[in-house]
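Below is one structure, written out as structure tokens; the observations come after it.
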Amino acid sequence: MSNQRLTTGALLRYLRGNNKEKAILQVVGIKTIDSKVDDASALTKRYRLMLSDGRCTFSSCMLGTQLNRLIEANSLKENAIVRIDRVMVNAIDKQNGRLMLMIHELEVIQSDSERIGDPVALPLTDIINNAGGNANRFEATDNFQPATTLVPPATNVIRQDSNVLPTIDGRNNAKNSNSHNNSLSAKGGNVIDKDRVMSIDTLNPYTNKWTIKVRVSTKGAIRTYQNARGPGKLFNCDLVDQSGEIRAAAFNADCDKIHAMLEVGKVYYISRASLKPVNRQFNSLKHDYEMAFNHDTCIELCEDDDGNSIPKVQFNFIPISEVANRAPSTICDVIGVAKSAADLDTIISKTSQKEFTKRDILLVDENASITATLWGKQAEEFQVSSNPVVAFKGIRIGDFNGRTLSTVTSTLISQDPTETSRTMELHTWFEKEGKSMDLPDLSKGADIGNQQTPFKTLAQITAEGIGLNDKPDYINVKCIITLIKKDSAVYMMCPQEKCGKKVIDENNGSFRCEKCNKTYTSYKWSYMLAAEISDATGSQWISAFSNEAESLLGMTADEFGNHKLNQNENIIDDIFRKTTNRERIFKLRAKADHFNDERRIRFTCMRISDVDWSSHGRRLMEEIKHIEPVQH
DNA sequence: CCCCCCCC
């Protein structure tokens with residue numbers, strides 16, 4: 001039984017606008033609000049509480065999502081006694097003036113309790129009619145006036161239902177609109193109220209009246225789309241202030257005007273727009289909601305931006321190694337040093353048959369490396385200077401050969417960004433040691449984080465159907481080499497960089513490449529090793545190419561090729577014999593393909609390493625730990 | 001209210 005005394009009457013006082021009070025209340029009901037988003041993650045889930053002050057209950061109490069964890073940890077539950085540390089009053093219904101409490105901070109004083117008193121629901125008349133005459137209450141009630149066009153729009157204020165375009169001449173206009181604001185805000189008008197600027201991170205769909213002062217950090221092109229409701233167009237932009245960031249979109253009739261007005265890097269006052277939960281698949285910004293501009297939206301250029309108070313961009317970097325733990329197709333922010341950059345390349349899209357320009361960058365940080373693919377203009381404009389630090393905001397994770405990064409149209413690329421100390425940190429690290437480090441490459445199936453490649457026996461590979469999926473499977477096996485195909489171990493490769501095609505020896509000193517459609521006077525030796533590996537459960541043919549074959553045989557393809565040319569059969573046999581001397585760990589990529597109507601699984605060697613017997617032993621112990629120890 | 005973002 002609880003001895004806590006509840007703060008009687010606190011709920012009504014809150015609804016009247018006295019939100020400074022830190023009341024002790026009891027939770028008498030918790031409801032989950034259905035999220036309309038597919039992604040039912042904790043980020044979008046909301047809880048509505050019914051609170052009691054001992055005498056009355058009030059059921060429209062929204063819990064700030066940052067407090068969801070209290071419910072999920074079973075600390076905040078029915079009958080719990082809580083202290084309300086920060087609460088706001090909001091109107092939820094313009095027509096009948098219904099209010100809600102938005103709970104931003106609370107502390108659970110006592111998790112388990114019994115019901116205190118016999119509270120009754122706060123009468124609706126009390127909730128609606130107690131205007132109380134203070135500022136908060138007004139804020140909640142003056143929205144009851146329908147949005148009207150009583151107010152003449154200031155010249156540099158864009159109202160979407162007006163035909164007034166923004167003017168470049170800001171100073172006087174800014175003054176004018178300010179005076180408009182001051183004289184009109186008392187009447188509850190429509191013009192932006194610059195004295196009440198909220199920070200982005202407090203925006204939510206239950207806040208009825210807000211103004212934000214934000215910088216446009218990115219702005220996408222206007223795109224058209226077609227869906228069940230017909231054709232449409234839109235553009236996206238990202239808005240930042242000191243507190244955070246939010247993505248916004250404008251559609252159809254509102255699209256062109258707002259797109260023309262907003263300029264990347266400039267600061268605007270914005271009020272009136274709708275807010276809806278984000279879809280994490282397309283939006284990685286650190287905000288639970290995204291904004292849709294609409295007919296009522298007011299946007300006004302802020303000319304007196306001092307350039308410092310509002311950041312240009314907000315980054316939320318994850319380490320490259322962490323990309324391995326993220327789901328493919330999601331969006332993230334990543335920073336690293338461009339260790340190398342490939343030349344521009346073009347590809348033909350399979351779906352659209354259109355040609356696209358691309359450029360691959362090898363991005364490295366202290367713990368890992370990854371291939372980042374830049375597309376189109378961003379690929380062309382990328383400055384291939386000496387190892388710049390490159391920050392990607394909103395880049396998409398792919399899963400080709402492990403994990404890759406690939407820009408999308410909304411990706412912001414920033415070379416040597418000054419907004420983050422990581423730039424200097426990475427430059428220093430790269431100069432000191434990074435440039436000579438051989439880091440695990442996520443785009444070559446490196447083991448990082450939670451993505452540890454599982455160990456399998458060869459019998460398990462067949463039994464578990466490994467390699468039969470659409471995506472390749474990666475596995476480790478502990479095997480010895482039992483056979484190597486000698487004749488096909490190396491082939492004559494086209495000398496053209498990146499071609500890789502086998503050339504035809506025309507036996508007159510020239511070598512023909514069918515792919516390049518050219519004849520060369522030279523070729524390069526290249527490995528294409530077919531080897532049989534075996535463990536106690538079976539055997540399997542695998543392929544090993546360049547680096548892996550070289551590390552296995554202990555010589556370059558060139559050296560091997562020369563032995564072959566010189567018919568040093570003994571040397572070659574000896575090399576092969578030496579490969580059978582011990583067990584090795586083979587990291588394999590298993591992928592089915594079709595060959596003459598027959599499905600087979602191709603095993604490609606990604607890495608060959610010696611057995612680390614201490615870690616291997618630990619792994620085996622993990623596997624057998626479910627076996628009861630024998631008592632002596 | 002979009003959500004396509006390409007190739008191996």
Side-chain angles (χ1 to χ4, degrees), chain A residues 36-39 160 205 218-238 246-255 258-259 273-285 289-297 327-332 342-362 370-380 392-413 441 443-445 470-472 498-501 515 545 589 591 593 602 604 606:
Chain A
K36 282 178 189 146
V37 229
D38 302 335
D39 168 27
Q160 287 312 299
T218 63
K219 183 178 84 167
I222 293 173
R223 291 186 290 122
T224 55
Y225 62 88
Q226 186 89 34
N227 63 17
R229 290 149 52 140
K233 61 177 174 178
L234 85 151
F235 82 95
N236 285 114
C237 63
D238 292 346
I246 191 164
R247 173 151 301 170
F251 294 90
N252 303 321
D254 315 314
C255 178
I258 296 181
H259 190 269
S274 58
L275 291 153
K276 58 160 199 166
V278 294
N279 182 340
R280 286 287 161 216
Q281 222 196 326
F282 307 105
N283 180 348
S284 68
L285 301 204
Y289 301 99
E290 58 190 34
M291 189 177 287
F293 296 134
N294 55 44
H295 258 61
D296 283 338
T297 300
S329 298
T330 56
I331 302 277
C332 65
D343 292 337
L344 275 179
D345 202 357
T346 54
I347 58 101
I348 310 277
S349 163
K350 274 179 181 161
T351 47
S352 67
Q353 301 301 317
K354 280 186 188 153
E355 191 176 83
F356 292 93
T357 324
K358 60 165 265 193
R359 188 198 298 278
D360 282 349
I361 308 270
L362 184 66
I370 193 166
T371 298
T373 305
L374 279 55
W375 294 96
K377 218 172 181 181
Q378 290 182 318
E380 286 155 30
F392 294 96
K393 180 167 183 60
I395 194 163
R396 190 171 194 261
I397 297 173
D399 61 357
F400 185 70
N401 280 346
R403 285 289 185 278
T404 58
L405 296 171
S406 183
T407 61
V408 293
T409 46
S410 56
T411 304
L412 178 71
I413 302 179
D441 191 337
S443 307
K444 291 188 175 144
D470 289 344
K471 294 278 178 190
K498 280 168 45 179
C499 173
K501 180 82 178 164
K515 190 174 166 192
F545 298 94
R589 176 185 197 265
K591 176 84 181 85
D593 66 6
R602 200 189 274 281
T604 309
M606 306 303 291

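Bear in mind that the values here come from a model prediction, so they are computed numbers and not experimental data. Atom set for the values below is all heavy atoms of this structure, side chains included, hydrogens, waters and symmetry mates excluded. Protein chains get the first letters and strands the later ones, always in sequence-line order, with residue 1 at the start of each.
- Taking atom CG on A:N279 and atom P on B:dC3, their separation rounds to 12 Å, with Å as the unit.
- Per the geometry, CD belonging to A:Q226 stands 10 Å off P belonging to B:dC3, to the nearest Å.
- A:N252 comes within 4.0 angstrom of a base, heavy atoms only.
- For A:N227 and B:dC2, the shortest distance from a side-chain N or O to OP1 or OP2 is below 4.0 Å.
- Of the side-chain N and O atoms in A:S406, one or more sit less than 4.0 angstrom from OP1 or OP2 of B:dC6.
- Residue A:R396 places at least one side-chain N or O under 4.0 Å from the OP1 or OP2 atom of B:dC6.
- Among the protein residues, A:E290 comes within range of the nucleic acid bases, having at least one heavy atom under 4.0 Å from a base atom.
- A:Q281 has its CD atom 8 Å from the P atom of B:dC4, to the nearest Å.
- Both thresholds, 5.5 Å between centres and 30° between ring planes, are met by A:F400 relative to the base of B:dC8, so the two rings are stacked.
- Look at CZ on A:R223: it is 10 Å from P on B:dC2, rounded to the nearest Å.
- Once rounded to the nearest 0.5 Å, the distance linking OG1 of A:T346 with CD of A:E355 reads 4.0 Å.
- Both stacking criteria are satisfied for A:F282 over the base of B:dC3: a centre-to-centre distance under 5.5 angstrom and an angle between ring planes under 30 degrees.
- One atom, CG of A:N236, and another, P of B:dC2, lie 11 Å apart when rounded to the nearest Å.
- In terms of phosphate contacts, A:K350 brings a side-chain nitrogen or oxygen within less than 4.0 Å of OP1 or OP2 of B:dC8.
- When all heavy atoms are compared, the tightest approach of A:R280 to A:L285 is NH1-O, 2.9 Å.
- For the pair A:F235 CZ and B:dC3 P, the computed distance is 16 Å after rounding to whole Å.
- When the P atom of B:dC2 is taken as reference, atom CG of A:L234 falls 8 Å away, rounded to whole Å.
- Remark: A:R602 engages A:D593 in a salt bridge (Lys or Arg N to Asp or Glu O under 4.0 Å) (not counting sequence neighbours).
- When each of B:dC3, B:dC7, B:dC4 is scored by its nearest atom to the side-chain atoms of A:T409, the top-ranked nucleotide is B:dC4.
- Side chain of A:T373, nearest nucleotide from B:dC2, B:dC7, B:dC6: B:dC7.
- Residues satisfying the ring pair (Phe, Tyr, Trp, His ring centres under 6.0 Å) criterion with A:F235, sequence neighbours excluded, are A:H259.
- A:D343 has its side chain out of reach of A:D345: every pair of non-hydrogen atoms, C-beta onward, lies at least 4.5 Å apart.
- A straight line from OH of A:Y225 to C1' of B:dC5 spans 18 Å, rounded to a whole angstrom.
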